[in-house]
Every structure is written in structure tokens, then in C-alpha cells.
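In what follows, a single structure is set out as C-alpha cells and then discussed.
Just follow the structure's listing: the first ligand is 1, and inside any ligand the first atom is 1. Everything numeric in this text was worked out from a predicted model, so none of it was measured. Sequence positions, counted from 1, serve as the residue numbers for this chain.
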Amino acid sequence: MCGVFGIHGHDEAANIAYLGMHALQHRGQESAGLVAADEGKLRRHVAMGLVSDAFNRDVLAKLPGTTAIGHVRYSTAGSSELRNAQPFLFEYAGGSVSIAHNGNLVNAGELRAELEAQGSIFQTSSDTEVIVHLMAKAPQPDIVGKLVHALKRVRGAYSLILLTSDGKMIGVRDPNGFRPLVLGRLKDAYVLSSETCSFDLIEGDLLREVEPGEIVIVEKGGMTSQKLPEIAERTFCVFEHVYFARPDSLVNGKSVYRAREKMGMKLAQEAPVEADVVIPVPDSGVPAAVGYAKESGIPFELGLIRSHYVGRTFIEPQDSIRHFGVRLKLSPVRSVVDGKRVVVVDDSLVRGTTSRKIVKMLRNAGAKEVHLRISAPPTTHPCYYGIDTPTRSELVAASHTIDEINTYVTSDSLSYLSHEGMMQAVGSANEKTGQGYCSACFTGKYPVQLGTDQLVTLRRARV
Ligand code: 5GP
Ligand code: SF4
Ligand code: MG
């Protein structure tokens, strides 16, 4: 998962992009990068870590120009290292181009093998670089032609922003529209972003979303738009509504906060329980817990406090000391839960390890009963379209019943929102063709044919 941002036609392009990236920080904390264009020269700065660590006044001052694109990365394809940090910047016969990608290509492995057999030398382990090589080899003379040529070969999820040395900013979304991308204005400048919350921060105006399969080209004379030749049904990622997008963003023109609140309300209807207090697992579980409390009439309180200063703890990957990670991030409020029957609402349950620790924590703080309510269906399948869900063997719901998970996390009861309930809460993403969502991680119905790499891991997980 990643966040992308771009601005064209502003005297302080790099500063504005820096702010825009801050608003997208929740979409990726691994690396941050920015490329600015100044009279045909593209300059790049990328670093590991958060936007606030990667940039300072001096760095931004070295990125002059009126156009800039930025990227925050959360590794999916490719390992966590600086050479995979985006935006990428490359030279081709006609000039230089920079590219920032949110999503994941499912056939990158096959294409990479083919390109390497033809002599391409890859500099990163990122799927995005495949697009770059395909563009470099394209026979078309112009950059948009090269891009269209390259995208004909790739399958999967991509919301891209490109910046060219001849002064263009290009935004493009895959024909399925898996990942969000919105278009806005800041005075005379055009802006592109993964989410509308970044427009709020820079005090820009939302124009509209970039359509699935649409290419928008911004240059000095204004903005033009064209379509990719391939047509597909919209399958917007429902998990953006469940977990990924920021609650103050509009996604498909709909409030993420209200969708999550509705998920909580539906959950209260589907899985009621007698209890004294409803508490969220902060931050992601908050809007759904508000909905659950409203609908059930059970008081809402903050029974878990999240430390906002932990960031991504380096100890997290090692199992032996992983449990400190959860305690560093969350601590129970004894005065809220002591002696109470507690409903804990979280947005999703993936491995179950966090939930298990939370239940234990609440019991230690005196909770009499702990009822876990998840405002999405069981996560049974990995995502191959840009969300870093673990392999099937690590997804607890892939191989266990809800009863077994309840026993594992040691809750008094456990319920998930039904698939139908989730879909009703998010509404339609496409008025013409119906729902218009991908929900493959809950159903296993992958809307875009997987590549050989993914099919191998899926098969391996089954045995
Ligand atoms: P679990 O109980 O499965 O260990 O953890 C569930 C928590 O993981 C939930 O609070 C949910 O918000 C969070 N979560 C769900 N998907 C993701 C993801 O893709 N990345 C991260 N970092 N957390 C996630
Ligand atoms: Fe989103 Fe799940 Fe589909 Fe991935 S599989 S795109 S997380 S709905
Ligand atoms: Mg969470």
C-alpha cells in the first residue's frame, strides 16, 4: 500500500507536495520521496522512514520548480530498502520521467523475466520498474503513447502519477480502479492525490476522482483526458473503506467515516450482545465502535489508549518480543473496563495475534466479559492488489472457524460483520453496474486474473 501526490503549476510545488504527503502518511511509513521539475530538470530526494524524517527545510529548498510528485511507501512487492523508494526517476531517449505507484501488478514476475531475457537490467526489486522498462522499449515517440503501450502489458492495480522533463504531470488509474486517485485544484494549480484528506490540508478543492482506465494529462495549456484501450468492470478495493483510507476522506464521493460508522451499526444489528460499555480498538476501530454504540444504545467509552509516538517498532518482526509491540501501542483504561461487560470493536482481524493480546489486557484490567466484534467479514484470502496482507497460512480465518478463533483469542464471544452487511454499509461504487467492489480478501473471488507467482503461493497455502 502506498500514497501518491502530485501538483502542477505552483510556485511552491515541493512544499505543497510535502504537505500532501503528510496527509497520506497513514498509507505508508516505510519510505518517503519527492521529485520536482524545474525548467526541464528533475530533482529527486528519497529516504527511509516518515515524511517528517525524510524531509526538512534544506532538503525541500533543493527541490525547486513548479511541478512535484511525492510518494509514501508501504512495501508490498519488493523488499524494504532505499533502492525501492519512490518516485523512481529514469532517463530515456526523449528526456527524463519520474513515476510514483500505488497498487501492485500481478504479472510483474512474468514480465520481468521476459524483459531480463531480452537484456533489461533492473535496479530495484519493485514491480513498478516493469512499467519503466516497458515504456523505455515502446516504439511510440511521445510519453503518453509509451505509457499506454506499457500499460497494455500489465495486469493488476495501479494508480500512477508521472512527471516528465517536458513539463507534464500525468495521472492514471487501472481499468478496474482498485486504488483511489482524485483530482483537485489549488488556485491555478492542478493536484492529484490518493485521498481527498490531502486536499483539505492544503486548502485545495476536490474536482472529481480520476476514472478507472482514465489518463489525465496536465501541462501548461491545461488538462486533457483520455482512456486506456482496455475496459473492465470497476472493482474498487472495499478494504479502503474498512481500514485503509483516512476517515476524513471521501472515497467514490462517499465519506469513509460514515461508511465505517454504518458497518458498526450493521454489526450491532447482526451481532447484538448484552454489555455495559462499547470500546474501540484505536485508531482504526473508532468509527465502527461509534456506530455499534449508537445502534445498540450501549455507552461508548475509550477503554484503550493508543500511544501516537511509537511508530513502527523495530522489534515487531521478531516473535519472541513481539508482544511488547502491542503493549507499547495500546494500554487499557482500568476505570472504564473494571467490573464491566465490554464490547470491543475493531475493523478487521488478520492474524488474530493483536486481538488476543487486547483481550488479555482488558481482562487484566478487570473486564468481566470481553465480546469481540469485527466490523468486516473474516479475512480468508491474501490481497494481491496492493495491500500487504499476510500469506494464507498466517490468516487465521483461512483455516479456522469463528468458534476456533474465539477460543484462540480467548474472547467470551466473537462476531464478524457479514459480507452483505459490509456491502450495504459501503453502498454502490458504480451506479450503472451495481456494486463495483473487489472484496477478494473476504471471498477469494479475485477480479483480475492472478499471475503465476500468486497462484503458486495460493496453492502452496492450501496443502
Ligand atoms: P490481528 O488481531 O489480526 O493481529 O490485528 C488486527 C489489527 O490489524 C486491526 O486493528 C486492524 O486495524 C489492523 N490491520 C488490518 N489490516 C492491516 C494492514 O494491512 N496493516 C496493518 N499494519 N494493520 C492492519
Ligand atoms: Fe482490497 Fe481485499 Fe480486493 Fe485487496 S483483495 S483489493 S484488500 S478488497
Ligand atoms: Mg487497527
Among all protein non-hydrogen atoms, which one is nearest to [atom], and what is the separation to 0.1 Å?
| atom | value |
| --- | --- |
| atom 20 (N) of ligand 1 | Tyr74 OH, 2.7 Å |
| atom 6 (C) of ligand 1 | Ser348 O, 3.4 Å |
| atom 2 (Fe) of ligand 2 | Cys441 SG, 2.3 Å |
| atom 13 (C) of ligand 1 | Tyr243 CE1, 3.9 Å |
| atom 5 (O) of ligand 1 | Thr354 OG1, 3.2 Å |
| atom 2 (O) of ligand 1 | Ser355 OG, 2.6 Å |
| atom 12 (O) of ligand 1 | Asp347 OD1, 2.6 Å |

Problem set entry | Sub-4.0 Å atoms of ligand 2 with respect to non-hydrogen atoms of Ile387 | 7 (S)
Exercise. Which ligand 2 atoms does Cys237 reach within 4.0 Å, using its non-hydrogen atoms?
Worked result: 1 (Fe), 6 (S), 7 (S), 8 (S)
With a 4.0 Å cut-off, would you call [X] and [Y] a salt bridge?
| X | Y | answer |
| --- | --- | --- |
| Arg246 | Asp283 | no |
| Glu114 | Arg153 | yes |
| Glu209 | Arg234 | yes |
| Lys294 | Glu261 | yes |
| Glu274 | Arg341 | yes |

Find all atoms of ligand 1 within a distance of less than 4.0 Å from any non-hydrogen atom belonging to [X], and give their numbers and elements.
| X | answer |
| --- | --- |
| Arg351 | 1 (P), 3 (O) |
| Leu349 | 3 (O) |
| Phe239 | 16 (N) |
| Thr353 | 1 (P), 2 (O), 4 (O) |

Problem set entry | His101 side chain vs Ala157 backbone, donor-acceptor pair below 3.5 Å | yes
Ring center gap for [X] and [Y] short of 6.0 angstrom:
| X | Y | result |
| --- | --- | --- |
| Phe122 | His133 | yes |
| Tyr385 | Phe178 | yes |
| Phe442 | His381 | no |

Of the side chain and backbone of [X], name the one, both, or neither that has a heavy atom under 4.0 Å from an atom of ligand 1.
| X | result |
| --- | --- |
| Ser284 | side chain |
| Asp346 | side chain |
| Val350 | both |

For this session: Taking atom 16 (N) of ligand 1 as the reference point, report whether a protein heavy atom occurs under 4.0 Å from it.
Result: yes
For this session: Return yes when atom CD of Gln424 has more than 12 non-hydrogen atoms of other residues, nucleotides or ligands closer than 6.0 Å, and no otherwise.
Result: yes
Problem set entry | Neighbour count above 12 (heavy atom, 6.0 Å) for Gln269 CD | yes
Exercise. Arg179: heavy atom below 4.0 Å from ligand 2, yes or no?
Worked result: yes
Exercise. With a 4.5 Å heavy-atom cut-off, do Met135 and Leu147 have their side chains touching?
Worked result: yes
Problem set entry | Metal proximity, Cys438 vs atom 3 (Fe) of ligand 2, N/O/S cut-off 2.8 Å | yes
Exercise. How long is the span from the CD atom in Glu233 to the OH atom in Tyr437, to the nearest 0.5 Å?
Worked result: 14.5 Å
Problem set entry | Gly352-ligand 1 polar pair, N/O distance under 3.5 Å | yes
Problem set entry | Heteroatom N/O/S of Cys383 within less than 2.8 Å of atom 4 (Fe) of ligand 2 | yes
